[in-house]
Undergrad: 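Below is one structure. I have some questions about it.
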Amino acid sequence: MAEYQARSDRGSDSRSRDKDRDSRGPADRKRRFQVRKKVCRFCVDKTPFIDYKDVKTLRFFITERGKILPRRISGNCARHQREVTVAVQRCRNIALIPFSGEK
């Protein structure tokens, strides 16, 4: 019986904490920033293709460790993300950019 009371006491504390949290209102909550939708820079520029020899452009889509940035971070559309991936792989094969990050 004492074990049951101990469990029920814990529950009432958490409920009272939740009630306090709700009573603060919208003014006390932290303001969240507006997230802007990322747009594909290749679609905006209307580039006909992604050149694998253009190392300057491809550097934006590679981390410092040498990994290709995912689409949700880079903001590319699916089509251009695939083209960036192929271009980076070709660029690595002819040694314009390293396979791993620079040390």
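As the structure is a computational prediction, the values presented were derived from the model and not from experiment.
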Undergrad: Can Val55 be reached from Val88 by stepping across I, L, V, M, F, W or Y side chains whose heavy atoms are under 4.5 Å apart?
TA: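 Yes, because Val88 and Val55 connect within a single hydrophobic cluster, where side-chain heavy atoms sit under 4.5 Å apart.
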Undergrad: Return the minimal non-hydrogen interatomic distance between Leu96 and Arg59, and the atom names on each side.
TA: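 Taking Leu96 first and Arg59 second, the nearest heavy atoms are O-NH2, 4.3 Å.
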Undergrad: Please report the shortest heavy-atom distance between Pro98 and Ser100, naming the atom on each side.
TA: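 Answer, listing the atom of Pro98 first, then Ser100: CB-O, 3.1 Å.
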Undergrad: Can Lys67 and Ile62 be said to form a side-chain contact (heavy atoms from CB on, under 4.5 Å), step by step?
TA: CA-CA 5 Å; Lys67 296 180 177 182; Ile62 300 173; over 6 Å; no
Undergrad: Could you walk me through whether Gln89 and Val84 satisfy the side-chain contact (heavy atoms from CB on, under 4.5 Å) test, starting with their C-alpha distance in whole Å, then the side-chain angles of each, then the deciding distance to 0.1 Å, before giving a yes or no?
TA: CA-CA 9 Å; Gln89 290 171 350; Val84 164; over 6 Å; no
Undergrad: Closest approach of Cys77 and Cys43, non-hydrogen atoms and distance?
TA: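 Minimum heavy-atom separation between Cys77 and Cys43: SG-SG, 3.6 Å.
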Undergrad: What is the distance from atom NE2 of His80 to atom CG of Asp45, rounded to the nearest 0.5 Å?
TA: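 CG of Asp45 is found 9.5 Å from NE2 of His80.
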Undergrad: As a test of understanding, state which of Phe49, Phe60, Phe61 forms a ring pair (Phe, Tyr, Trp, His ring centres under 6.0 Å) with Phe42.
TA: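 Going through Phe49, Phe60, Phe61 one by one, the ring pair (Phe, Tyr, Trp, His ring centres under 6.0 Å) with Phe42 is satisfied by Phe61 alone.
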Undergrad: Calculate, to the nearest 0.5 Å, the distance between atoms OG1 and CG belonging to Thr85 and Asn76 respectively.
TA: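 Here the rounded value is 8.5 Å.
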Undergrad: Can you name the side-chain contact (heavy atoms from CB on, under 4.5 Å) partners of Leu69, sequence neighbours left out?
TA: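 If we apply the side-chain contact (heavy atoms from CB on, under 4.5 Å) test to Leu69, skipping adjacent residues, the hits are Thr63, Ile73, Ser74.
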Undergrad: Nearest 0.5 Å, please: how far is CZ in Arg71 from NZ in Lys38?
TA: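 Lys38 NZ to Arg71 CZ: 11.5 Å, rounded to 0.5 Å.
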Undergrad: How many angstroms lie between atom CZ of Arg79 and atom CD1 of Ile50, to the nearest 0.5 angstrom?
TA: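 Nearest 0.5 Å value for the CZ-CD1 distance: 8.5 Å.
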Undergrad: What distance do Arg90 atom CZ and Leu58 atom CG have between them, rounded to the nearest 0.5 Å?
TA: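 One gets 11.5 Å once the value is rounded to the nearest 0.5 Å.
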Undergrad: Just so I know, are the side chains of Tyr52 and Ile94 near enough to count as touching, which here means a heavy-atom distance under 4.5 Å?
TA: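 Counting from C-beta outward, Tyr52 and Ile94 do come under 4.5 Å.
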